Amino acid sequence: MTGTKTGLVGHPVSHSKSPLIHGYWIRKYGLNGSYSLLDLSCEGLQSGIEKIKAEGFRGFNITVPHKVALLDLCDEVNALARAVGAVNTVTIENGRMSGTNTDVFGFIENIKSKSPTFDFKAGPAVVLGAGGAARAVVQGLLMEGVPEILLSNRTESKADTLIETASEPNKIKRLGWNSGEAGEAVSTANLLVNTTSLGMTGKPKLEIDLSSLNPRALVHDIVYAPLMTELLLRAQERGNPIVTGIGMLLHQARPAFSLWHGVMPDVTDELEAMVTQ
Ligand SMILES: NC(=O)c1ccc[n+]([C@@H]2O[C@H](COP(=O)([O-])OP(=O)(O)OC[C@H]3O[C@@H](n4cnc5c(N)ncnc54)[C@H](OP(=O)(O)O)[C@@H]3O)[C@@H](O)[C@H]2O)c1
């Protein structure tokens with residue numbers, strides 16, 4: 001392998017669409033580089049990373065289950081990754097690893113590019129889920145000036161921890177999960193976001209009552225397999241604007257590519273079609 005070596009560290013990684021995305025941009029911009037899958041177990045993470053550094057990699061992305069572990073393994077971690085509590089992109093310079101988080105950018109850019117007139121400041125956001133992705137979503141919404149976030153998660157203690165560790169905890173209120181509170185809260189919502197894995201292929205469906213959903217509320221599902229989740233189909237049927245999740249995956253890859261190759265790549269219709277096939 002020659003050129004700028006990059007890749008994805010995780011376990012498992014074989015399902016990832018990232019090689020397709022980065023490979024497309026490497027070809028499109030005529031660069032000399034590679035993006036490989038680097039499957040490392042938790043036990044083999046530290047030694048695997050040493051090997052990656054020794055092999056001269058320019059950087060790598062991190063996926064489940066290592067995003068939190070990288071906070072301690074990097075030589076420096078920026079404020080954004082600290083606020084999210086997870087590193088998803090590492091750049092290596094003179095053997096030193098710098099960590100950042102591009103999921104926040106991916107989430108926000110996807111909404112901005114698909115729904116350019118959407119006003120984040122116009123009202124509350126209801127966020128379902130409090131896992132790793134939810135942390136990036138909540139941080140992004142706070143950075144965009146959302147006035148209030150109403151957060152609902154099956155394991156309520158995880159929602160509490162997310163709120164306690166968020167940059168503006170006073171703007172976030174926890175709702176019950178089985179109490180139907182989220183269904184009631186959507187009447188005032190400017191935005192409804194699903195960050196749980198419910199609705200994903202092979203997972204149970206997301207149960208939420210949309211009968212009181214504000215007709216102008218934007219509904220966004222970060223689940224992208226299937227592209228049109230049942231939540232999005234139901235919202236679309238009611239006439240609500242919707243944004244699918246694939247754009248978050250595509251946009252989060254852009255700042256990483258830019259850090260490694262010095263080119264900020266575009267998300268094109270051709271690329272979107274390739275990854276949704
Ligand atoms: N579009 C993108 O670029 C993008 C990026 C990241 C993630 N995602 C998608 O987002 C989803 C979540 O990813 P993640 O990394 O945040 O995963 P995670 O950290 O494992 O969190 C999973 C979330 O789903 C909830 N959940 C799982 N099974 C549930 C069930 N049966 N009933 C109720 N809630 C349930 C969990 O609730 P508990 O806390 O109660 O377990 C938690 O809130 C996945 O589908 C992933 O593919 C998309």
Side-chain angles (χ1 to χ4, degrees), residues 8 10-18 20-22 61-70 81 84-89 101-114 126-141 149-163 165-166 172 174-183 192-208 219-232 242-257 267 271-272 275-276:
L8 175 69
H11 185 68
V13 287
S14 56
H15 64 284
S16 172
K17 292 184 187 289
S18 293
L20 197 63
I21 298 168
H22 286 266
N61 289 128
I62 304 99
T63 188
V64 177
H66 302 316
K67 287 187 184 187
V68 177
L70 260 294
V84 175
V87 169
N88 83 330
T89 300
N101 188 300
T102 66
D103 285 332
V104 176
F105 177 89
F107 167 67
I108 295 296
E109 280 302 300
N110 183 30
I111 293 183
K112 287 184 176 174
S113 72
K114 294 291 182 191
V126 172
V127 175
L128 307 175
R135 302 194 65 90
V137 165
V138 165
Q139 181 60 27
L141 294 176
I149 297 173
L150 304 165
L151 183 71
S152 180
N153 190 52
R154 174 181 62 174
T155 309
E156 296 186 347
S157 59
K158 280 201 205 163
D160 289 336
T161 306
L162 193 159
I163 296 170
T165 54
I172 316 170
R174 179 168 64 69
L175 305 175
W177 179 258
N178 289 319
S179 58
E181 280 184 297
L192 168 65
V193 189
N194 175 44
T195 77
T196 75
S197 44
L198 295 174
M200 207 176 152
T201 307
K203 298 273 184 186
K205 69 177 185 181
L206 173 67
E207 308 278 356
I208 181 167
V219 178
H220 175 34
D221 201 331
I222 73 161
V223 168
Y224 57 83
L227 188 63
M228 283 300 289
T229 61
E230 207 231 357
L231 171 69
L232 294 178
I242 59 158
V243 172
T244 65
I246 195 68
M248 177 174 171
L249 179 75
L250 297 170
H251 284 282
Q252 64 78 31
R254 295 173 58 215
F257 191 89
V267 169
L271 176 61
E272 192 166 325
V275 295
T276 47

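Because the structure is a prediction, the values reported are computed rather than measured. All values below were derived from every heavy atom in this structure, side-chain atoms included, with hydrogens, water molecules and symmetry-related copies excluded. First listed ligand is number 1; within each ligand, the first listed atom is number 1.
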Side-chain touch Thr229/Leu206, heavy atoms, less than 4.5 angstrom: no
May I ask you to test the Ile242-Met228 pair for a side-chain heavy-atom distance under 4.5 Å?
yes
When you compare the side chains of Thr196 and Asn194, does any donor N or O come within less than 3.5 Å of an acceptor on the partner? yes
When you pair each N or O of ligand 1 with protein N or O atoms, which pairs come out under 3.5 Å?
unit_1, atom_1, unit_2, atom_2, d
ligand 1, 1 (N), Ile222, O, 2.9
ligand 1, 1 (N), Gly245, O, 2.9
ligand 1, 3 (O), Leu249, N, 3.1
ligand 1, 16 (O), Gly132, N, 3.2
ligand 1, 16 (O), Ala133, N, 2.8
ligand 1, 19 (O), Gly132, N, 2.9
ligand 1, 24 (O), Ser197, N, 3.2
ligand 1, 31 (N), Arg154, NH1, 3.3
ligand 1, 37 (O), Asn153, OD1, 3.3
ligand 1, 39 (O), Asn153, ND2, 2.9
ligand 1, 39 (O), Lys158, NZ, 3.1
ligand 1, 40 (O), Arg154, NE, 3.0
ligand 1, 40 (O), Thr155, N, 3.0
ligand 1, 40 (O), Thr155, OG1, 2.5
ligand 1, 41 (O), Arg154, NH2, 2.9
ligand 1, 43 (O), Ala130, N, 3.1
ligand 1, 43 (O), Asn153, OD1, 2.7

Tell me whether Asn88 contacts the main-chain N or O of Asn61 through its side chain, where contact means a donor paired with an acceptor under 3.5 Å. no
CG (Leu128) and CD (Glu207) are apart, to the nearest 0.5 Å, by 12.0 Å
| request: Please tell me if the side chains of Val84 and Val104 come closer than 4.5 Å, counting only heavy atoms from C-beta onward. | output: yes
